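Here is the structure we will look at, set down as structure tokens.
On a predicted model such as this, the values are computed, not experimentally measured, just so you know. Throughout, a chain's letter reflects where its sequence line sits, starting with A, and its residues are numbered from 1.
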Protein chains: 2
Amino acid sequence: MDRRITKKDDDASDKGRPTLKTLAFMTGLGVTTVSRALKDAPEIGAETRRRVQLVAKQIGYRPNRAGVRLRTGKTNVISLVLNTEHELMSFVSDIIYGVTEVIADTPYHLIVTPYSRSQDPLDPVRYLVETGSADGVIISRTQPNDPRARYMLERGIPFATHGRTDMGLVHPYHDFDNYAFAGEAVRALAGKGRTRLALVTPPVGLTYYRHTVNGFADALSEVGASEVPFNTVSIDQSIEQIRMRTAQLMRRKDRPDGFVSSAAAATLAVVAGIEDAGLQLGRDVDVVSKQSSKLLHLFRRELLVVNENFRLAGSELARAVLGWIGGADPGTLQSLSTPSEVLPYRG
Amino acid sequence: MDRRITKKDDDASDKGRPTLKTLAFMTGLGVTTVSRALKDAPEIGAETRRRVQLVAKQIGYRPNRAGVRLRTGKTNVISLVLNTEHELMSFVSDIIYGVTEVIADTPYHLIVTPYSRSQDPLDPVRYLVETGSADGVIISRTQPNDPRARYMLERGIPFATHGRTDMGLVHPYHDFDNYAFAGEAVRALAGKGRTRLALVTPPVGLTYYRHTVNGFADALSEVGASEVPFNTVSIDQSIEQIRMRTAQLMRRKDRPDGFVSSAAAATLAVVAGIEDAGLQLGRDVDVVSKQSSKLLHLFRRELLVVNENFRLAGSELARAVLGWIGGADPGTLQSLSTPSEVLPYRG
DNA sequence: CCAATATACTGAAACGTTACAGATTGCCAA
DNA sequence: TTGGCAATCTGTAACGTTTCAGTATATTGG
């Protein structure tokens with residue numbers, strides 16, 4: 001009953017932002033009550049609850065992240081782990097935008113955790129887990145047997161992968177159906193009478209490399225076309241490398257008359273290489289390419305494109321991680337995006 | 001003297017990560033001593049200091065961010081504020097990579113704070129400042145009279161702008177010299193005998209719009225060329241818009257014979273528009289464009305390009321913010337990047 | 001009418017860190 | 001010897017939050 005006004009209590013007029021103590025002072029309640037009232041705890045009277053929430057809204061109370069984090073361990077952070085040393089990763093911004101779109105009306109912040117080519121990809125993940133810097137993690141460049149996924153599964157930290165794994169372990173992911181993409185691409189080329197096809201593969205070692213290669217191979221035998229090996233090239237090589245190797249290939253007598261390319265930037269290089277060899281797109285050879293922006297048709301209208309939506313990927317990944325953090329079953333947080341049909345240039 | 005081992009003291013074997021208390025227990029010192037020893041405080045004996053630091057390193061001690069943040073208010077976070085609703089912001093990933101490069105060996109984390117077109121650009125900044133979510137902020141799309149810069153200056157929170165302001169207020173920035181770029185571009189076109197030039201401007205309202213327009217105008221009169229107004233177009237319009245408007249312009253009798261374009265994506269659209277009108281790049285018209293990736297020459301080898309390095313921009317911006325946080329004079333944290341010469345295609 | 005119980009609220013402790021105000025020791029000058 | 005002082009080290013409190021273990025009051029059942 002002796003609620004004396006001490007030095008500690010009169011901070012309502014302090015310069016800082018309002019805290020639970022401020023709210024407690026204003027409402028005449030204890031901090032505990034205020035805390036519980038704000039999160040709709042059942043043991044707080046309905047009227048008190050409304051009153052506290054009203055005052056909180058009025059003065060613009062925002063929980064102090066450090067306080068919450070220190071007490072509960074909850075960071076309200078999700079981390080996007082990125083390899084920062086690959087030539088052309090324009091889609092990265094799309095993924096980021098997709099993620100922020102989803103977390104916009106949650107208390108979550110997005111931190112970007114980079115790692116360089118020289119580092120073990122496990123390093124940044126280990127750092128995040130060891131320092132408890134995030135409640136959830138999103139990784140890309142996923143491998144069939146991915147040590148990062150295994151590690152996080154062991155440590156029990158929620159995560160989602162961009163691309164699937166193949167370890168018999170279940171976890172959230174979002175993936176583009178690259179098997180279907182490669183298949184559609186081959187069929188489209190076959191439809192144009194192309195019979196000798198080359199594949200510009202994803203980086204060897206990543207899961208979607210296998211998916212793409214398999215989709216390509218299966219469709220080849222389905223349509224009765226043959227493969228022209230082009231193993232010296234993959235999309236994370238430099239533009240110059242791809243261009244040069246393509247030109248070499250196209251100068252050979254047994255050159256392909258069709259390409260399937262797994263990335264837009266690589267496609268630019270491939271086309272340049274084709275033209276370096278004195279050949280013409282649409283006449284001597286056709287190219288089907290994935291793209292994330294809508295720009296390839298401006299580049300050469302003869303290109304055939306399939307769109308991959310990375311913004312959607314970002315959103316799905318964010319949704320998946322948040323879902324897992326929220327206690328959902330990881331097995332239900334997996335999604336696969338079906339490629340659009342193969343699109344020719346139109347007007 | 002009666003240092004009894006209580007329940008609280010024996011947490012050295014706890015499952016959690018080591019804290020100052022763990023370190024104190026292991027070294028037999030007090031937490032205060034350990035804390036100060038780790039930050040090289042002068043009142044700690046040299047040997048003790050070494051001993052503490054050794055043990056800390058051995059067991060992999062990492063300060064708890066929440067603890068530090070709660071106690072000191074220091075978040076060890078810098079925020080990059082981004083507009084997430086502009087067509088093609090492939091350079092965003094470059095800026096991010098540039099930033100992460102610089103903060104990699106600091107305790108700082110990078111958070112991405114988005115805002116959409118419909119929002120007041122001041123909103124995210126206000127949020128960051130009010131919630132104390134970051135020690136420093138990086139903003140882009142800077143305006144001559146930028147309310148965000150003014151706001152942060154008032155609140156005393158360190159920041160850096162990508163692009164300059166023009167309010168008579170001093171703050172860190174990094175900018176590309178767009179005045180010089182536009183001038184060089186005009187001179188290059190004049191060197192090719194082009195005399196009727198159009199400018200594809202940056203977004204109206206941003207500071208570098210003025211810089212670009214002025215550089216363009218001054219160089220025009222310098223070389224004695226004339227401007228073909230093209231005010232209906234700026235680089236943050238849609239590809240389709242730019243393409244259509246360019247085609248319209250090029251079908252007119254008084255069409256330009258040269259373009260200066262402030263962004264690579266817009267350039268693709270402009271070239272498409274030129275070709276829609278039945279004209280040919282290099283013969284009927286020349287185009288000088290800025291680019292951040294190295295891809296424009298693959299698109300059309302007749303293009304003339306000037307490179308803008310956004311990764312560098314990110315690094316400079318990060319350095320500037322960290323500098324200001326570290327107490328440096330904001331006036332010394334300004335940098336301007338000089339454009340490369342205008343580059344024609346080479347092999 | 002009393003005890004049991006439900007309802008509504010509360011203070012204290014803890015998370016990990018740093019700042020403040022000592023405390024202990026040894027040494028030197030007077 | 002004593003007072004002063006420098007060199008080292010230490011406990012306590014505080015940052016804002018949530019959880020634990022209550023307390024006080026009203027309500028119910030017998």
message = Between A/Arg319 and A/Glu316, does any side-chain N to carboxylate O distance fall below 4.0 Å?
response = yes
task = By nearest nucleotide on DNA chain D, pick out whichever of B/Thr72 and B/Ala46 is the more 5' one.
result = B/Ala46
request  = Give the nucleotide from the list C/dG16, C/dC9, C/dC15 with an atom nearest to the side chain of B/Lys21.
outcome  = C/dC15
query = If we only count heavy atoms from C-beta on, is the B/Phe159 to B/Val125 side-chain gap below 4.5 Å?
reply = no
request  = Figure out the NZ/P separation between A/Lys39 and D/dT19, and round it to whole Å.
outcome  = 7 Å
note = note: B/Asn64, atom CG; D/dT17, atom P; distance rounded to Å ~ 16 Å
query = Which whole-number value in Å describes the distance from B/Leu38 CG to C/dG16 C1'?
reply = 13 Å
message = Any N or O donor-acceptor pair under 3.5 Å from the base of D/dT19 to the side chain of A/Thr32?
response = yes
key: Rounded distance (Å) that lies between atom P of C/dG22 and atom CZ of B/Arg36   = 15 Å
message = Could you check whether B/Arg311 pairs with B/Glu101 (Lys NZ or Arg NE/NH1/NH2 to Asp/Glu carboxylate O, under 4.0 Å)?
response = yes
task = In whole angstrom, give the distance that lies between atom CZ of A/Arg65 and atom P of D/dC15.
result = 21 Å
inquiry  = Taking side-chain hydrogen bond (donor to acceptor under 3.5 Å, both in side chains) as the criterion, tell me which of A/Arg148, A/His171, A/Arg150 meets it with A/Thr165.
reply    = A/His171
query = Rounded to whole angstroms, how far apart are CG on A/Leu20 and C1' on C/dA12?
reply = 16 Å
request  = Check whether any side-chain nitrogen or oxygen of A/Thr33 sits under 4.0 Å from OP1 or OP2 of C/dT10, and answer yes or no.
outcome  = yes
inquiry  = From CD of B/Glu43 over to C1' of C/dT25, roughly how many Å is that when rounded to an integer?
reply    = 17 Å
message = If I take atom CG in residue B/Leu70 and atom C1' in nucleotide C/dC15, what distance separates them, rounded to the nearest angstrom?
response = 9 Å
ask   = Does a distance-only test, which skips hydrogens and angles, find a donor-acceptor pair under 3.5 Å between the side chain of A/Thr48 and the base of C/dA8?
value = no
